[in-house]
Number of protein chains: 2
Amino acid sequence: MGSTIKDIAKDTNLSLATISKHLNGKNILPENKKLIEESIQRLGYIPNKTAQNLRSKKTKTICILLPIIGDYFWGFLCSIIEEYLRKYNYSTIISSYDASSGDNTSELQFLLSKQVDGVILIPDNSNSINLPFLLQKAHIPFVCLDQELSVIPADFVTSDNRAGAYGATRYFLENGHRKLGAIGGNLSSYTMKERLAGFRDACSEYHIPEENLCIYGGDVSSSAEYFRIMTSLPEHPTAVLMLGYDLTLGAIMTLSALNMQIPKDLSLISFDDDEIFSAFNPPITTVVQNMNEIGRQATKLLIKRINGNYDLFPETKMIETNFIIRKSVHVLADY
Amino acid sequence: MGSTIKDIAKDTNLSLATISKHLNGKNILPENKKLIEESIQRLGYIPNKTAQNLRSKKTKTICILLPIIGDYFWGFLCSIIEEYLRKYNYSTIISSYDASSGDNTSELQFLLSKQVDGVILIPDNSNSINLPFLLQKAHIPFVCLDQELSVIPADFVTSDNRAGAYGATRYFLENGHRKLGAIGGNLSSYTMKERLAGFRDACSEYHIPEENLCIYGGDVSSSAEYFRIMTSLPEHPTAVLMLGYDLTLGAIMTLSALNMQIPKDLSLISFDDDEIFSAFNPPITTVVQNMNEIGRQATKLLIKRINGNYDLFPETKMIETNFIIRKSVHVLADY
DNA sequence: ATACAAAAGCGAAACGTTTTGCTGTGCAAC
DNA sequence: GTTGCACAGCAAAACGTTTCGCTTTTGTAT
């Protein structure tokens, strides 16, 4: 079991160095090449990565760091990233970090001891982590996903949330809606701010006065409550943009409890599609993030940095969202 | 940057061996212990795992192997497993394998070269992979999730699908339903067989004649079509058990297209809950897998095997499903 | 033929740990 | 006062590669 480069050397009467050279794609004599390859077959040689890593100080491994408690949205993205990385001959380790602790030194130590070549960081909403600092100090290249780091310049790739929200809002407006609502989670998070900005962009383009806008945000758990308040206003919005997937659930539950029907009584567009949105009655129109492209771009960018190419640092990749029109928006008669 | 055990040795005037001893929890003189710990602090020493791995031939790393194209159901489970493994000081690498190829030698080579201590294998439905053989031959401990391997005895942990289906079906029966349907994906897969068996268990307990049962299965894409056929039968079932999450979506879409209402026109229970099922109108009653427990048990079992404990091999851990009663089942008047 | 550069090969060192086998010290038992 | 034993410490070897510096071979131009 487990033959090594030494066995190959003995078997072929060549030196370690020559075998290693061949294995790393350098030129050697064709006859030796043949000899080595035969020997590898015969002895079933498989390179030992831990030895390679130790000697070369490169591990061809990157780590996806995500906040503890895996929201399964991210789990999905991990699979995508793993697949892309594998194409570059990198392997992926996933690890969660404790976002509630102010100090992530232990996570950094993990990365250092594992000798990872780079990190894909999925920041926590709270943005209070010091991980970015630590990574920078340790000279570990990293790319952020989803959230812009306010604290430090860093590469990041994200959906173009602003444009996505803008497009959805315009769709409301083009269908005659003039009183609009938006419900978000924590409105101070980067993502929410962007989406809200897109919402406002479209509204001001159509000269919708501020008093026709109804914007709520806060805890996800209270979103249903916000929704209830909003819809009970005497002149409530006719269309609401839901700024997050989880919020939409609360909204739909509330609506059905209030016996209001989509889109007759209220039009609705949601961020972040789920397969299941298409199964609702009516199916929900959504702004959907292109997870595949996010994964691809993040991978590409990270590997560029690992290879020492720091052109355009810090780079921001905005990935276009897709707008899937289904049936949750009412075409107003008075349009 | 990056001090080593050698630096600590020099700094403390002790030998490498002593430092290593301390680091691995063996006894050394208290004064030396203090000396070493101070030195570690001062020099910011972090153990190099690649070196440790090379020398000790243990990597404290396990690999989650999942079929290519990450269905995000599995992504979620990966996060759970990672979290448990971390508690045992293991790290997790994820890697996908090509289930369509009959030969997964390259995947095995990856595992061997990475020197992983164990594998959590998520088999493909097709069960045609030779990975289990290869793992066994290479003496890499592994635990299967979800599917029993027909080809080889192996540890596996799975939901108790049969009992779950039995419970759901009984719920139909107890509410007066006597004509029942079940719609599955590929009925020859282990999971589907189990669920169907549970369905039949309950039916035969209530002496439901076979002609009152309506069972369809096949491609997920054609499930909507099966559903359409079933509901158009002159004496169609009054209650249908959906044997998989994705199938339910098709069903609900079809139902709304046919203008049939749940549960008035048809009662429905689905396997595999999604947060969103509770948001449907009406909310869907479901049989839900305890992913957390699956992850926990799989981790525990794998680590036991890694530690050389092969008691009760091959071991099967059946994890109870939970039954969440919502409002998609009609209480029949004639009950 | 001769000189010279380029290519290919070699032995040995290096990467940072753990493990092995040995030595020296102190202490209890006889 | 010797024997024996546990314990701590040490130097050196080992893990399986890559890399360094040097030598030998090959090919080409004179």
Side-chain angles (χ1 to χ4, degrees), chain A residues 1-37 39-40 43-61 89 91 109-117 138, chain B residues 1-37 39-40 43-61 89 91 109-117 138:
Chain A
M1 267 262 22
S3 53
T4 76
I5 219 177
K6 271 185 195 163
D7 301 321
I8 306 290
K10 262 185 208 132
D11 191 44
T12 57
N13 280 321
L14 294 167
S15 77
L16 292 187
T18 307
I19 317 289
S20 174
K21 241 181 194 166
H22 170 56
L23 258 31
N24 292 314
K26 317 272 180 194
N27 274 341
I28 62 169
L29 288 181
E31 67 235 50
N32 287 338
K33 186 180 291 190
K34 195 171 158 232
L35 223 53
I36 294 176
E37 267 160 13
S39 181
I40 287 179
L43 304 185
Y45 167 74
I46 292 170
N48 181 321
K49 285 217 165 110
T50 63
Q52 290 179 327
N53 296 342
L54 174 60
R55 183 57 236 237
S56 65
K57 299 195 165 200
K58 300 252 169 237
T59 54
K60 284 266 185 186
T61 295
N89 276 314
S91 47
Q109 294 208 351
F110 173 78
L111 299 172
L112 285 172
S113 74
K114 275 278 183 182
Q115 308 261 102
V116 302
D117 294 343
Chain B
M1 267 264 21
S3 52
T4 76
I5 219 175
K6 272 186 196 163
D7 300 321
I8 306 290
K10 262 186 210 132
D11 191 45
T12 57
N13 280 320
L14 294 166
S15 77
L16 291 187
T18 308
I19 318 289
S20 173
K21 241 181 195 166
H22 171 56
L23 258 33
N24 292 313
K26 319 271 181 194
N27 272 342
I28 61 168
L29 289 182
E31 67 238 48
N32 287 337
K33 187 181 289 191
K34 198 172 157 229
L35 224 52
I36 294 176
E37 266 160 12
S39 181
I40 286 179
L43 304 185
Y45 166 75
I46 292 170
N48 180 322
K49 284 217 168 116
T50 64
Q52 289 179 327
N53 296 343
L54 174 60
R55 183 58 237 235
S56 65
K57 299 196 164 200
K58 300 252 171 238
T59 54
K60 283 268 186 185
T61 295
N89 275 312
S91 48
Q109 294 208 349
F110 173 78
L111 298 172
L112 285 172
S113 73
K114 274 278 184 182
Q115 310 261 101
V116 302
D117 294 343

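Numbers restart at 1 for each chain; the letters A, B, ... are given by sequence-line order, proteins then strands.
Using a 4.0 Å heavy-atom criterion, one finds that B/Ile46 contacts the sugar-phosphate atoms exclusively. Using a 4.0 Å heavy-atom cutoff across all strands shown, B/Ile8 reaches no nucleic acid atom at all. Contacts of B/Asn24 with the nucleic acid, taken as non-hydrogen atoms under 4.0 Å apart, involve only primed sugar atoms and P, OP1 or OP2.
Whole-Å rounding puts the A/His22 NE2 to D/dT18 C1' distance at 16 Å. In this structure, B/Leu23 places its CG atom 12 Å from P of C/dT19, rounding to the nearest Å. A/Asn53 has its CG atom 13 Å from the P atom of C/dG16, to the nearest Å. Distance NZ (A/Lys10) to C1' (D/dG16): 13 Å, rounded to an integer number of Å. Here the P atom of nucleotide C/dA8 and the CG atom of A/Leu35 are 16 Å apart, to the nearest Å.
Defined by atom type and a distance below 3.5 Å, a donor-acceptor pair is present between the side-chain atoms of B/Ser91 and A/Lys114.
For the helix from C/dA1-D/dT30 to C/dC30-D/dG1, the end axes, each set by the C1' atoms of five terminal pairs, are bent relative to each other by 40° (nearest 10°).
Using a 4.0 Å cut-off, some side-chain N or O of B/Ser20 falls inside it from OP1 or OP2 of C/dT18.
Evaluation of the side chain to side chain contact (heavy atoms under 4.5 Å, CB included) rule for B/Ile46 yields A/Gln109, A/Leu112, A/Ser113 as partners, not counting sequence neighbours.
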### Query
What string of B, S and - do you get for nucleotides 9-15 of chain C, 5' to 3', if B is base contact, S is sugar-phosphate-only contact and - is no contact with any protein heavy atom under 4.0 Å?
BBB-BBB
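B/His22 is listed as a side-chain neighbour of B/Lys33, based on a closest heavy-atom distance under 4.5 Å. With contacts defined as side-chain heavy-atom distances shorter than 4.5 Å, the pair A/Asn32/A/Thr12 does not qualify. Contact of the A/Tyr45 side chain with the A/Leu23 side chain is registered, since non-hydrogen atoms from C-beta on lie closer than 4.5 Å. Residues B/Asn53 and A/Asn53 form no side-chain contact, since every pair of their non-hydrogen atoms from C-beta on lies 4.5 Å or further apart. By the 4.5 Å heavy-atom criterion applied to side chains, A/Thr50 and B/Thr50 are not counted as neighbours.
Proximity of a side-chain donor or acceptor of B/Asp11 to a complementary backbone N or O of B/Asp7 within less than 3.5 Å is not detected.
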